[in-house]
Amino acid sequence: MKRNTQQRLQTAVDIHRANILKSLEHRLQVAKANGDENLLRQLEAEKTYYN
């Protein structure tokens, strides 16, 4: 039972991280399209944190 709970928790953590990265990639694309260099630097730093 404990192992199943740990597996579910890890799956949730993995899905959450994937969703954050997907959102981050979209935000990077929008910042690039808008030419927002300041936001791009901030988002790149955030991406480094999650990778």
Side chain proximity check, Val30 to Arg27, heavy atoms < 4.5 angstrom: no
Shortest non-hydrogen contact between Leu24 and Lys47, atoms and distance: CD2-CA, 3.3 Å
Linked, directly or transitively: Leu39 and Ile20 (ILVMFWY side chains, under 4.5 Å): yes
Linked, directly or transitively: Leu21 and Leu40 (ILVMFWY side chains, under 4.5 Å): yes
Short side-chain to backbone donor-acceptor contact, Ser23 and Asn19, under 3.5 Å: no
Interatomic spacing from CD in Gln29 to CG in Leu43 - rounded to 0.5 Å: 11.5 Å
Test side chain to side chain contact (heavy atoms under 4.5 Å, CB included) applied to Leu9 - qualifying residues, sequence neighbours left out: Val13
